[in-house]
J.: 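Take this structure first; my questions come after.
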Amino acid sequence: MSDSTNTIETFANQEYKWGFVTDIEADAIPRGLSEDVVRLISAKKNEPEWLLEWRLKAYRHWLTLKEPTWANIHYPKIDYQNIIYYSSPKAKGDGPKSLDDVDPELLKTYAKLGIPLQEQAILAGVAVDAVFDSVSVATTFKAKLHEVGIIFGSFSEAVKEHPELVRQYLGSVVPISDNFFAALNSAVFSDGSFCYIPKGVKCPMELSTYFRINAKDTGQFERTLIVADEGATVSYLEGCTAPMRDTNQLHAAVVELVALDNAQIKYSTVQNWYPGDKDGKGGIYNFVTKRGACRGVNSKISWTQVETGSAITWKYPSCLLIGDNSVGEFYSVALTNNWQQADTGTKMIHIGKNTTSTIVSKGISAGHGQNTYRGGVKILKSATGARNYSQCDSLLLGDKCGAHTFPYLEVRNTSAQVEHEASTSKIGEDQIFYCRQRGISSEDAVSMIVHGFCKEVFRELPMEFAVEAQKLLGVSLEGSVG
Amino acid sequence: MALLEIKDLHAKVGDREILKGINLTVNAGEVHAIMGPNGSGKSTLAQVLAGRELYVVTGGSVTYLGKDLLEMSPEDRAREGIFLAFQYPVEIPGVSNMYFLKAALNTIRKHHGIDELDAMDFLNLVRDKMQIMKMDQTLLNRPVNTGFSGGEKKRNEIFQMAVLEPKLAVLDETDSGLDIDALRVVSGGVNAMRSPERAMIVVTHYQRLLNEIVPDFVHVLAEGRIVKSGGKELALELEAEGYEALGAYDEPEAVGRV
Ligand SMILES: Nc1ncnc2c1ncn2[C@@H]1O[C@H](COP(=O)(O)OP(=O)(O)OP(=O)(O)O)[C@@H](O)[C@H]1O
Ligand SMILES: [Mg+2]
């Protein structure tokens with residue numbers, strides 16, 4: 001086999017660098033799921049009665065649901081009774097009051113991941129909420145944000161300190177009955193981030209949550225809720241990693257965004273859960289429900305995702321464009337290498353007048369990876385003057401991988417303008433050779449072509465993270481170069 | 001020492017032998033033209049020199065600057081000064097021509113221990129070369145060869161050569177697809193690069209190119225061998241008489257056709 005062909009085929013086998021395990025004592029509950037487990041989780045978190053009731057309602061509904069099978073992903077049946085639904089690093093006393101109380105092992109873990117939690121060492125201008133297994137272990141820059149009235153911290157804390165806000169918005173975008181995984185999450189979610197930007201406030205720094213799964217056989221079910229009040233603006237970034245383990249772990253998160261009049265939320269994800277090894281053993285099953293509601297006029301929600309990890313990704317960050325003139329955006333790079341499978345895309349529901357949405361999806365498949373774009377654009381009768389532009393491109397590296405595209409379109413208002421473009425291309429041996437003939441190595445040639453392919457999406461990421469994402473993509477594809 | 005010395009070179013693609021014993025010596029400062037019928041192996045020779053793995057060398061040797069060329073990777077050959085202007089330049093969507101060329105130039109410079117050029121210096125360098133090639137600025141900002149017309153692609157190849165300043169340039173049918181004015185401009189660009197340190201192998205079917213780029217030697221390649229070599233007048237004879245009259249076909253199957 002020629003060197004160039006080799007390059008393309010193996011362009012994917014770099015070691016996962018975030019796969020270490022933190023040795024820390026955990027407080028975990030027994031395996032399995034029942035009403036008692038739901039009660040136990042709620043009790044561990046000292047939750048108010050209304051939240052327990054909400055969870056139980058979700059659990060009872062979940063029991064009536066069947067795991068969805070419509071996605072283009074294949075995996076052995078998940079045994080929901082064999083999962084540990086709650087695990088937290090054992091806290092000294094009542095849990096950390098400040099960073100000084102955080103277990104040094106945890107600080108070390110995040111430092112190793114490149115997320116220093118000591119504030120002086122932090123990337124200037126980024127506040128981080130660190131979630132470790134089932135709980136939030138630290139939030140930085142809280143005080144500074146508090147000065148402008150921004151609430152940012154763990155979900156559990158928000159339940160205690162701002163119950164009225166949580167109660168008002170929780171489940172208002174993704175109801176408990178939404179889908180199988182959302183219902184499951186609603187029943188057992190353990191922690192996550194909560195963020196509220198008050199009227200007219202432009203958040204002075206990037207907010208970010210870093211999710212880390214550490215414990216074995218544990219599911220991670222976090223919940224993020226972001227509310228931007230009238231005229232508020234926020235940019236939020238989510239990152240995630242997990243140890244390398246040869247069993248699969250379930251991650252079923254829910255993210256809800258609410259933008260009121262003239263508010264803007266930019267939500268960026270760099271998803272780097274452990275993808276499994278090169279033979280497809282292990283890796284995270286990532287079943288995530290993300291949805292934003294543009295409730296107010298002129299509001300805007302923008303999703304940007306770079307999905308390089310997970311054995312399976314099932315994820316459709318969507319926008320409900322309710323307010324007139326509201327704007328929804330979805331920019332995505334999804335990479336599947338080795339035996340990874342991704343079925344991802346978005347849904348844009350146009351309800352208000354003159355609502356616009358933009359979808360740019362870039363799927364990259366290498367190895368035996370299977371990459372599916374599934375996108376829905378729905379223009380309701382009320383959405384006069386709605387516009388959508390969708391572009392979805394696939395790039396194949398080698399000939400054992402696959403790219404699939406399922407665009408769904410439903411237009412009930414004749415004034416709507418909808419445009420869809422799609423392309424599939426392959427990095428060819430001739431392209432690699434052309435680059436090499438000009439002195440550029442195969443490795444650089446492939447990453448040059450891949451970056452060129454993703455450029456429109458990377459442009460949407462906050463600066464620091466665009467650089468990170470490019471590196472990550474390089475790493476996720478590296479090693480295929482002979 | 002010769003710049004390039006090819007001895008009894010054999011190469012195949014798949015099971016099929018295409019080069020059947022090529023001998024050719026090229027010294028610095030020389031321009032060699034290679035002509036020959038379609039399918040005779042001209043592009044194969046060019047690709048073998050550039051190191052394309054698709055073509056498997058089955059015998060013979062190639063020495064470049066005293067080194068075993070066949071041992072070197074394609075990128076190392078390029079970094080050591082071998083440039084191939086492709087008969088069919090490849091499109092690379094998403095990667096700007098400018099970015100591509102800068103990456104190429106900088107890897108070559110790095111290879112020779114020279115400082116990499118920053119964007120400003122690169123632009124200045126490129127501006128000069130663009131003028132010589134009468135290249136449209138917009139082509140620089142477009143993705144490599146993507147959607148270029150046939151002539152624009154060929155012009156872009158020579159423009160790249162002008163920027164990369166190779167020691168040995170192999171131009172594979174650079175004239176095909178060029179209109180008369182473009183042919184003159186491209187030839188002018190090539191001639192501007194002729195120097196005592198640089199050699200060129202020019203593959204072509206047409207005398208009109210050799211009127212512009214006057215070769216020192218002309219070789220006729222047929223059925224995988226060089227069957228005739230001479231000075232620039234050989235090309236004129238070929239044009240007048242055709243390959244067959246020159247005995248270019250001496251393979252049994254060719255003879256059998258008569
Ligand atoms: N990749 C390949 N697979 C199969 N056959 C090939 C391949 N490349 C070249 N050949 C064959 O080798 C022979 C020589 O091809 P080559 O391209 O070297 O000819 P050429 O002299 O450059 O012709 P032209 O003047 O038409 O450009 C042809 O018969 C061609 O079909
Ligand atoms: Mg040819």
Side-chain angles (χ1 to χ4, degrees), chain A residues 1-10 331 333 335 360-364 391-397 421-459 470 473-474 477 481-482, chain B residues 13 46-47 49-56 72-112 142-146 153 156-157 159-161 163-166 169-170 172:
Chain A
M1 191 193 304
S2 84
D3 202 23
S4 304
T5 322
N6 219 346
T7 298
I8 299 165
E9 288 194 343
T10 44
Y331 296 94
V333 168
L335 177 145
V360 177
S361 160
K362 305 277 178 175
I364 303 165
Q391 178 191 339
C392 78
D393 300 319
S394 309
L395 184 68
L396 301 170
L397 285 76
E421 286 175 27
S423 77
T424 300
S425 51
K426 203 170 162 169
I427 299 188
E429 181 269 343
D430 55 341
Q431 290 176 321
I432 307 271
F433 181 71
Y434 188 76
C435 293
R436 296 178 82 191
Q437 208 308 299
R438 297 296 184 255
I440 299 163
S441 69
S442 330
E443 215 158 53
D444 289 347
V446 175
S447 78
M448 198 156 89
I449 295 168
V450 168
H451 289 164
F453 179 73
C454 300
K455 165 162 87 192
E456 289 146 284
V457 174
F458 285 160
R459 213 169 24 216
Q470 289 215 12
L473 212 63
L477 283 173
V481 177
Chain B
V13 54
Q47 300 270 340
L49 291 178
R52 187 127 194 196
E53 287 103 345
L54 203 61
Y55 301 90
V56 180
M72 293 162 71
S73 69
E75 55 268 40
D76 275 339
R77 297 180 199 204
R79 292 167 191 167
E80 287 288 323
I82 292 183
F83 180 91
L84 171 62
F86 287 67
Q87 182 173 359
Y88 305 107
V90 180
E91 302 194 352
I92 310 180
V95 178
S96 95
N97 215 5
M98 175 92 139
Y99 182 85
F100 174 77
L101 192 51
K102 182 161 158 263
L105 180 65
N106 278 335
T107 41
I108 293 171
R109 287 174 72 102
K110 208 165 141 195
H111 180 77
H112 293 286
R142 278 169 56 182
V144 181
N145 293 325
T146 309
K153 283 183 184 169
N156 192 36
E157 293 290 287
F159 166 66
Q160 290 181 13
M161 172 175 91
V163 172
L164 300 180
E165 302 187 324
V170 182
D172 192 356

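A, B, ... follow the sequence lines: proteins, then strands. Residue 1 opens every chain. In this text the structure is predicted, and so the values were computed from the model without any measurement.
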J.: Can you find a pair of side-chain heavy atoms, one from Q437(A) and one from R52(B), that are under 4.5 Å apart?
T.: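 Q437(A) does not reach R52(B) side chain to side chain.
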J.: Mind ranking I108(B), I92(B), V56(B) by heavy-atom pairs under 4.5 Å with chain A and telling me who comes out on top?
T.: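 The option with the most such pairs is I92(B).
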J.: Keeping the roles fixed (side chain from R438(A), backbone from F83(B)), state whether a donor-acceptor pair exists under 3.5 Å.
T.: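 Absent.
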J.: Of all of A445(A), C435(A), C454(A), which one pairs up most often with chain B through heavy atoms under 4.5 Å apart?
T.: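 If we count pairs closer than 4.5 Å to chain B, C435(A) comes out on top.
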J.: Minimum heavy-atom separation for A78(B) to R436(A), with atom names?
T.: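 Here A78(B) and R436(A) meet closest at CB-O, 3.7 Å.
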J.: Using non-hydrogen atoms only, which part of L164(B) is less than 4.5 Å away from chain A: side chain, backbone, both, or neither?
T.: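 The side chain, not the backbone.
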J.: In terms of ring plane angle, is the pair F100(B) and Y434(A) parallel, tilted or perpendicular, where the classes change at 30° and 60°?
T.: parallel
J.: Is it the side chain or the backbone of E80(B) that comes within 4.5 Å of chain A heavy atoms, both, or neither?
T.: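 Neither the backbone nor the side chain of E80(B) comes within 4.5 Å of chain A.
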J.: Check whether I82(B) gets within reach of chain A through its side chain, its backbone, both or neither, counting any heavy atom under 4.5 Å.
T.: both
J.: Is N145(B) in contact with chain A via its backbone, its side chain, both, or neither, using a 4.5 Å heavy-atom distance?
T.: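 When you check distances to chain A, only side chain atoms of N145(B) fall under 4.5 Å.
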J.: Using every non-hydrogen atom in the two residues, find where I440(A) and A103(B) come nearest and quote the distance to one decimal.
T.: CD1-CB, 4.1 Å
